[in-house]
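This report refers to the structure that appears directly beneath it.
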Amino acid sequence: MPTAIITGITGQDGSYLAELLLQKGYHVIGVARRSSTVNYERIQHFVDDITIVQGDLQDQGSLLSLLEEYKPTEVYNLAAQSFVPTSWNQPALTGDVTALGVTRMLEAIRFVNPKIRFYQASSSEMFGKVLEVPQNENTPFYPRSPYGVAKVYGHWITVNYRESFNMFATSGILFNHESPRRGMEFVTRKISNAVTGIKLGKMKELRLGNLEAQRDWGFAGDYVEAMWLMLQQDHPDNYVIGTGETHAVREFCEIAFSHVDLDYKDYVVMDEKFYRPAEVDLLISDPSKARMQLKWEPAVSFKELVTMMVDADLARLKKQ
Ligand code: NAP
Ligand code: G4F
């Protein structure tokens with residue numbers, strides 16, 4: 001039975017990746033940081049099938065000891081301070097977790113067993129003020145937030161350990177991926193939650209920032225399969241993962257509201273509070289390398305993603 005360690009097990013991607021690895025017969029070790037109350041909401045339905053271990057990307061010793069104890073063949077580093085606006089309020093913490101945390105995990109692997117295969121959760125946010133459209137593995141980076149800067153560090157330290165120590169260190173440059181398990185503060189979930197709240201008479205309006213920002217949005221369940229595929233290749237590499245389509249936040253609103261027979265123009269209010277000090281205006285992937293080498297294709301379309309999220313929030317809010 002192969003053993004995989006997932007950092008960020010309590011997050012959106014950690015929950016989908018764990019499900020996938022369980023289906024494939026892995027022993028899954030999920031790393032969760034200590035908190036005063038447990039936050040297993042996304043993993044509650046399979047928590048008895050995995051092993052949860054306390055660990056923190058800010059603590060080198062915890063990473064070393066969990067590798068020594070569980071002897072994984074694969075490590076998926078999904079943990080991060082992942083919310084872009086927070087990275088302007090807590091830039092040093094974001095750098096410590098999202099950037100230096102990667103080095104701590106790579107160092108732990110190098111000391112314990114350099115043969116462990118390592119996946120780093122890199123981000124399209126690294127492309128930032130894009131220097132090329134669409135963006136591929138060779139597009140130069142121009143990050144626009146402390147989060148994006150930290151992810152650039154995480155990407156290059158992964159490449160550096162691959163080249164310096166011949167480690168199987170792979171970087172997946174993933175474009176935005178969403179799901180009914182997405183955190184409430186991210187724009188897609190904020191919209192799907194508000195649409196259903198408004199439909200059920202529990203909310204009156206939805207306050208948003210830049211409606212013209214464009215993202216290449218896919219379904220998280222599809223993207224974790226790409227992570228796994230990357231670690232099954234003969235050699236470590238960098239891969240861009242996305243749909244190759246881009247849509248504006250406004251379009252997401254249009255589809256989400258019309259799915260429940262409402263017009264977004266009657267409810268969406270633009271609020272400067274949600275504008276960012278520096279914005280990433282246009283992200284669109286060129287995932288042809290992943291298509292060719294990994295034989296990876298996204299299965300869920302943009303419209304299916306929006307309606308899936310609205311339907312899931314409707315079902316949840318109706319239960320409440
Ligand atoms: P998420 O839902 O925000 O999950 C982040 C996870 O990291 C949570 O489990 C969180 O734990 C954990 N974490 C935070 N700080 C930690 C620390 N110091 N030590 C250990 N764990 C810590 O993020 P996601 O959407 O699943 O994304 C997964 C990864 O992919 C992240 O690295 C993100 O930056 C990257 N990424 C995401 C996307 C996307 O569109 N979703 C795109 C590109 C890259 P708590 O539950 O305790 O907070
Ligand atoms: O949903 P968002 O907060 O995601 P963002 O900033 O693209 O970051 C996500 O995707 C990255 C991949 O590119 C990940 F690396 C990162 O960890 C995270 O998962 O915002 C999307 C867009 C932005 O342009 C933002 O300005 O939506 C715009 N937006 C407009 N109104 C808003 C809002 N974003 C949020 N969060 N809240 C709003 O009210």
Side-chain angles (χ1 to χ4, degrees), residues 4-9 11 13-14 17 21 29 31 55-60 62-64 66-67 72-82 87 94-128 135-143 145-177 223-242 285 287 289-290 293-294 296:
I5 286 184
I6 302 176
T7 69
I9 188 72
D13 291 6
L17 180 63
L21 297 184
I29 313 296
V31 184
D56 198 306
L57 284 192
Q58 293 182 279
D59 186 86
Q60 181 75 68
S62 67
L63 306 180
L64 278 164
L66 72 92
L67 294 187
T73 45
E74 296 173 8
V75 169
Y76 296 85
N77 184 38
L78 308 187
Q81 189 305 94
S82 74
S87 75
T94 302
D96 196 44
V97 178
T98 305
L100 275 183
V102 187
T103 307
R104 291 190 190 100
M105 183 55 94
L106 284 163
E107 276 291 89
I109 292 175
R110 188 164 78 88
F111 280 110
V112 175
N113 175 9
K115 297 223 169 324
I116 294 170
R117 294 184 171 213
F118 174 77
Y119 172 84
Q120 167 56 15
S122 295
S123 166
S124 53
E125 188 72 14
M126 301 189 302
F127 296 124
Q135 297 89 47
N136 64 32
E137 292 78 6
N138 300 316
T139 303
F141 301 133
Y142 188 158
S145 61
Y147 168 82
V149 173
K151 281 290 180 186
V152 171
Y153 175 94
H155 169 81
W156 280 117
I157 199 73
T158 300
V159 173
N160 182 264
Y161 271 56
R162 182 196 305 160
E163 294 175 353
S164 305
F165 305 115
N166 201 21
M167 283 166 54
F168 195 111
T170 277
S171 175
I173 306 173
L174 271 54
F175 282 62
N176 296 50
H177 43 280
Y223 286 43
V224 297
E225 170 124 44
M227 296 175 188
W228 176 76
L229 284 168
M230 285 179 217
L231 293 201
Q232 312 317 308
Q233 302 305 300
D234 290 339
H235 305 286
D237 209 336
N238 308 323
Y239 296 92
V240 157
I241 301 294
S285 65
K289 178 174 172 182
Q293 289 188 23
L294 305 178
W296 178 85

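Below, each value reflects all heavy atoms present in this structure, side chains not excepted, and no hydrogens, waters or symmetry copies. The first residue of the sequence shown is numbered 1, and numbering continues consecutively from there.
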Run M230 and W296 through side chain to side chain contact (heavy atoms under 4.5 Å, CB included) and show every step you take. CA-CA 10 Å; M230 285 179 217; W296 178 85; over 6 Å; no
Take a 6.0 Å sphere around CG of N160 and say whether it holds more than 12 heavy atoms from other residues, nucleotides or ligands. yes
What do you reckon, is OH of Y142 surrounded by more than 12 foreign heavy atoms closer than 6.0 Å? no
Do Y153 and T103 have side chains that get closer than 4.5 Å, going by heavy atoms? yes
Side-chain contact, heavy-atom cut-off 4.5 Å: N77 with T158? no
Minimum heavy-atom separation for [X] to [Y], with atom names?
X	Y	answer
S145	S87	CB-OG, 3.9 Å
F168	L231	CE2-CD2, 3.9 Å
Y223	F175	CE2-O, 3.7 Å
Q232	Y76	NE2-OH, 4.1 Å
G95	A150	CA-CB, 4.3 Å
G55	S62	CA-OG, 3.8 Å

Going from [atom1] on [X] to [atom2] on [Y], what distance comes out if it is rounded to the nearest 0.5 angstrom?
X	Y	atom1	atom2	result
T98	E125	OG1	CD	11.5 Å
K289	D237	NZ	CG	3.5 Å
I116	I109	CD1	CD1	5.5 Å
L106	M167	CG	CE	5.0 Å
L63	R104	CG	CZ	8.0 Å
M126	W156	CE	CH2	9.0 Å

Residue set satisfying side-chain hydrogen bond (donor to acceptor under 3.5 Å, both in side chains) with Q81, at least two apart, ordered chain then number -> T94
S171 (side chain) donor-acceptor with S122 (main chain) under 3.5 angstrom: no
Quick one: does any side-chain atom of R117 pair with a main-chain N or O of Q233 as donor and acceptor, under 3.5 Å? yes
Is E107 salt-bridged to R110, cutoff N-O under 4.0 Å? yes
Using side chain to side chain contact (heavy atoms under 4.5 Å, CB included), reason through M227 and L174 one step at a time and then give a plain yes or no. CA-CA 9 Å; M227 296 175 188; L174 271 54; 3.7 Å; yes
So which of D56, L57, L66, I9 actually passes side chain to side chain contact (heavy atoms under 4.5 Å, CB included) with V31? L66
Check step by step if side chain to side chain contact (heavy atoms under 4.5 Å, CB included) holds for V97 and Q58. CA-CA 6 Å; V97 178; Q58 293 182 279; 3.6 Å; yes
Quick one: side chain to side chain contact (heavy atoms under 4.5 Å, CB included) partners of A121, sequence neighbours excluded? L78, Y119, K151
May I ask you to check whether Y239 and T170 show a side-chain donor-acceptor distance below 3.5 Å? no
Just checking, is any N or O donor in the side chain of R162 or N238 under 3.5 Å from an acceptor N or O on the other one? yes
Which class fits the ring pair H155 and F141: parallel under 30°, tilted 30 to 60°, perpendicular over 60°? perpendicular
Steps toward side chain to side chain contact (heavy atoms under 4.5 Å, CB included) verdict (I241, H177): CA-CA 10 Å; I241 301 294; H177 43 280; over 6 Å; no
